[in-house]
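Lettering follows sequence order; numbering is per chain, from 1.
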Amino acid sequence: MPELPEVENTLRYLRENGLIGMTIDSIWTESPNNIIGLSPEQFSNTFYGIAITTAERKAKYINISTETSCDYFSIHLGMTGSLSLDDTDAEMQKYCRHVIHLQERKELRFLDSRKFGKIIYQNKPKIPLMLDPLDPNFSLDDLPAKVKTRRATIKSMIMDQSIVPGIGNLYADESLFKAEINPFRPIYLMEIKDFLKLTESIKTVLNNALSQYDKSRESDGYKPEFNLSPWDIVRKENAECFRCLEPMFFARINSRGTYYCNNCQPT
DNA sequence: CAGGTCGCCTGCGGGC
DNA sequence: TGCCCGCAGGCGACCT
């Protein structure tokens, strides 16, 4: 699933392959419901002949702005989305749902088997309470007291994009496993040392994944498929815990499949 | 308001 | 082997 490292990988790939400065021609879509805020025709009219000036990540959104300061759009990869910058005559990949045609025979292809991804005109994502987890100053210990005393689970908190930007289900489980914190632990039972430990494990997990993607882009080029991360957590119920060999637990938190080791991760 | 649940959507894996 | 059912989940809408 595209979470923060996968979205960042995609962004770095787009920048390395010269997206900045390319000029938009038109958009084609097989799935207009996933284009938000403008019809595909309006999108094409609005952005025709306009150059892309920046591409930045906010949480799991890629925000693309143009030389007209007010017109920009965001791309969200959903669960199965990926982007590919290709020559117009390059062989078409499976599940291509949208194509942003660029000038000089280039195109940005949005592949997305399950159609959860979106292209959003003038999206204004909520400003999260926390810095981006890749920011060196990111620390969960800086959470406002109002959040620290909530009764919700720690997993739902770190997956809440309005609190911590960019973490999704898989990296949440992995971070909690690494920090030896039970995903069901209520936030108000988290001590300072727990917040610091979880902060460190989030940074480690995300940066490890990102360096895998950086290496991969250097050696084999960008690959739209994800999951290069070497996970420690075993995502299989009753399978042996990687660390203590006790059986792994499965549960749902906010209807997300959650794996944890009840032995290594005390509540 | 906090917090939980649902529905969007479709490929794929497990089970028979 | 082939078919079919249900699971997977980010996010916003909605409910309690």
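Listed pair Lys118(A) / dC8(B) fails the phosphate criterion, with no side-chain N or O lying under 4.0 Å from OP1 or OP2. Residue Gln161(A) has no polar side-chain atom (N or O) positioned under 4.0 Å from OP1 or OP2 of dG10(C). One finds a side-chain N or O of Arg256(A) lying less than 4.0 angstrom from the OP1 or OP2 phosphate oxygen of dG10(C). Considering only side-chain N and O atoms, Tyr95(A) lies under 4.0 angstrom from the phosphate OP1 or OP2 of dC12(B).
Under a 3.5 Å cut-off, the side chain of Glu3(A) and the backbone N or O of Tyr171(A) do form a donor-acceptor pair.
Each of dA8(C), dG3(B), dC11(C) was ranked by its minimum atom distance to the side chain of Tyr61(A); first place goes to dC11(C). Among dG10(C), dC9(B), dG4(B), the nucleotide with an atom closest to any side-chain atom of Asn169(A) is dG10(C). The nucleotide whose nearest atom lies closest to any side-chain atom of Glu3(A) is, among dG11(B), dG10(C), dT5(B), dG10(C). The side chain of Lys146(A) lies closest to dA2(B) when the candidates are dC9(B), dA2(B), dA8(C). In this structure, of dG9(C), dT10(B), dC11(C), it is dG9(C) that holds the atom nearest to the side chain of Arg235(A).
Taking the ring centroids of Phe73(A) and Phe43(A), they lie under the 6.0 Å cut-off. For Tyr213(A) and Tyr13(A), the distance between ring centers is not under 6.0 angstrom.
To the nearest angstrom, P of dG7(B) lies 16 Å from CG of Asn254(A). Following rounding to the nearest Å, Met79(A) (CE) and dC11(C) (P) show an atom-to-atom distance of 11 Å. Whole-Å rounding puts the Leu77(A) CG to dG9(C) P distance at 17 Å. Note: CE (Met159(A)) to C1' (dG10(C)) measures 8 Å, nearest angstrom. dG13(B) atom C1' lies 12 Å from atom NZ of Lys236(A), rounded to whole Å. Distance Ile35(A) CD1 to dC8(B) P: 20 Å, rounded to the nearest Å. The CZ atom of Arg114(A) sits 10 Å away from the P atom of dG13(B) (whole-angstrom rounding).
With respect to Arg243(A) and Asp232(A), no salt bridge is recorded, no charged nitrogen being found less than 4.0 Å from a carboxylate O.
Under the Watson-Crick or G-U wobble criterion, with both distances below 3.5 Å, dC14(C) is paired with dG4(B).
Below 30°, between 30° and 60°, or above 60°: for Tyr260(A) and Phe184(A) the angle between ring planes is above 60°, a perpendicular geometry.
Here Gly117(A) lies out of heavy-atom contact (under 4.0 Å) with every strand.
Judged by centroid separation below 5.5 Å and plane tilt below 30°, Phe116(A) stacks onto the base of dG9(C).
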